[in-house]
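Keep in mind it's a predicted model, so treat the numbers as computed, not measured.
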Amino acid sequence: MIENLEKLRKEVLEAVESAKSLDEIEKIRVANLGKKGTLTAIMKGMGKLSAEERPKVGAVANTVREDITNSIEQKFSKIKKALDDKKLKAEKIDISLEKHSIIYGHEHPLMKTMKELEDLFVSMGFSVITGPEIESVENNFDALNSPEDHPSRDMSDTFYIDKTTLLRTHTSPVQVRAMKKYGAPIKMVSPGRTFRFDDVDDTHSPMFHQIEGLVVDEGISMADMIGTVNIFIKSFLGEHIETRWRPHYFPFTEPSAEVDVTCHYCDGEGCKACSMTGWSMELLGCGMVHPKVLQNCGIDPEKYTGFAFGMGIDRIAMVKYGISDLRLLFDNDNRFLNQF
Ligand code: PHE
């Protein structure tokens, strides 16, 4: 019987060793250790043995059972682990796969220009004050001494919301707000969006940006205005840039002027872009604040004088960065924006 047991141990261990699947192992287990299994049957038959033989055979049978059980367990875990590894490998996520790359935003050249302008004016002692884009007709026109029949008040020039409200056509109403709120003396700039009924072309857009400047104090003269504007233009656009002053009319300043700067394409030589004049499109309007405007805003024109200027930030950005078409600023095309 012991011989049979040893034979069984050898056979089963070999069978387990060469088993390739969990199924095979399970079959071996059932065939040997199961209720109707070979080893179980041998053990059951031990009752027939003599009292002398029984413990000897029993001891061997126990080691056989242990060996078989152990080898089955080991082999089972080995195959299970191999299967798990295979599965893990198959399910591995390849993190090196290309993902959609993130397109980073970029500071807009207009906002950049606006910030640089603010910084420059702050360094010259100006405060920055902003006003609303939806304005009263009163602040946009009346308080600024604009006559009822002035062409800029026309429906075809201005976006009215109703009879008394509109999208501001310039940043000048912030002059009114600031003077009414803070009185004199005052030295401020006001950047922001403005709106006019313009068709879109390379130098026009119905929405554009301006920066307004206002200085009111005792004894302010035209020399202060010309000096301030010239210093600003040279610091911002370059020492070589000259200004040309042309008399102009604005209802809220008297006298008034428009200022051109050296053409940025030809440096004043004369080219196609400046129609051979050497001067680029007008950059700003300015003038001495009209006494009536001071009065409308509660400031004594006998005591105080002042100057004001307003310029297109879009145009300044075009001159500064050599942009030939205003529309590029509003197209939001990254190929363009990333250049700044
Ligand atoms: N508001 C004027 C415009 O939009 C510019 C300006 C501002 C002129 C201040 C004089 C003084 O054209």
Side-chain angles (χ1 to χ4, degrees), residues 117 121 124-127 129 131 135-154 157-158 166 168-192 194-196 208 210-233 242-261 279 281-313 315-316:
L117 285 168
F121 281 114
M124 288 167 80
F126 288 75
S127 326
I129 296 176
E135 246 311 351
S136 62
V137 173
E138 165 69 24
N139 284 345
N140 195 84
F141 290 128
D142 297 284
L144 288 167
N145 197 35
S146 294
E148 284 284 355
D149 57 354
H150 194 274
S152 65
R153 288 179 87 127
D154 204 273
D157 242 346
T158 299
L166 44 67
R168 65 179 178 187
T169 59
H170 49 179
T171 42
S172 300
V174 190
Q175 286 187 39
V176 177
R177 288 175 174 269
M179 283 192 278
K180 280 189 173 166
K181 190 164 176 192
Y182 302 108
I186 189 166
K187 195 172 175 188
M188 65 100 180
V189 287
S190 184
T194 48
F195 308 84
R196 281 181 208 175
F208 56 106
Q210 284 193 334
I211 185 163
E212 190 81 9
L214 172 73
V215 176
V216 179
D217 205 341
E218 288 179 53
I220 296 291
S221 73
M222 247 182 113
D224 295 307
M225 173 172 82
I226 294 171
T228 306
V229 169
N230 277 340
I231 287 178
F232 150 71
I233 299 269
E242 299 295 334
T243 51
R244 178 172 74 166
W245 297 69
R246 285 182 286 105
H248 198 74
Y249 169 76
F250 295 107
F252 36 93
T253 46
E254 181 60 35
S256 308
E258 268 192 342
V259 181
D260 306 325
V261 293
W279 300 101
M281 57 195 167
E282 112 260 345
L283 214 60
L284 65 93
C286 61
M288 301 306 291
V289 182
H290 198 291
K292 272 201 192 148
V293 174
L294 292 174
Q295 218 160 21
N296 290 343
C297 299
I299 291 174
D300 180 1
E302 293 299 328
K303 188 169 175 201
Y304 291 103
T305 48
F307 68 84
F309 57 86
M311 59 192 147
I313 299 180
R315 289 191 173 182
I316 298 247

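Here the closest heavy-atom approach between residue Pro255 and residue Met222 is recorded as CG-SD, 3.7 Å. Of all non-hydrogen atoms in Asn296 and Asn145, the two that sit nearest each other are ND2-N, 4.4 Å.
In this structure, Glu302 places its CD atom where only 12 or fewer heavy-atom neighbours from other residues, nucleotides or ligands lie under 6.0 Å away.
Between His170 and Phe195, the gap from one ring centroid to the other reaches at least 6.0 Å.
Donor-acceptor pairing under 3.5 Å is lacking for the side chains of Asp157 and Ser152.
Put simply, the side chain of Trp245 reaches to within 4.5 Å of the side chain of Val229, judged on heavy atoms. Proximity of Leu214 to Met179: side-chain heavy atoms (C-beta onward) are separated by under 4.5 Å at one or more points. Proximity of Leu117 to Pro191: side-chain heavy atoms (C-beta onward) are nowhere separated by under 4.5 Å.
Using cut-offs of 30° and 60° on the angle between ring planes, the pair Phe232 and Phe121 is parallel. Relative ring orientation between Phe307 and Phe309 is described as parallel, the plane-to-plane angle staying below 30° on a 0-90° scale split at 30° and 60°.
Checked against Arg153 for a side-chain contact (heavy atoms from CB on, under 4.5 Å), the options Val137, Leu166, Asn140, Thr158 give a single hit: Val137.
The line from CZ of Phe252 to NZ of Lys292 is 14.5 Å long, rounded to the nearest 0.5 Å. Between the CE atom in Met311 and the CG atom in Leu283 there is a gap of 7.0 Å [rounded to 0.5 Å]. Summarising the geometry, atom CD belonging to Gln210 is positioned 6.5 Å from atom CD belonging to Glu212; distances are rounded to the nearest 0.5 Å.
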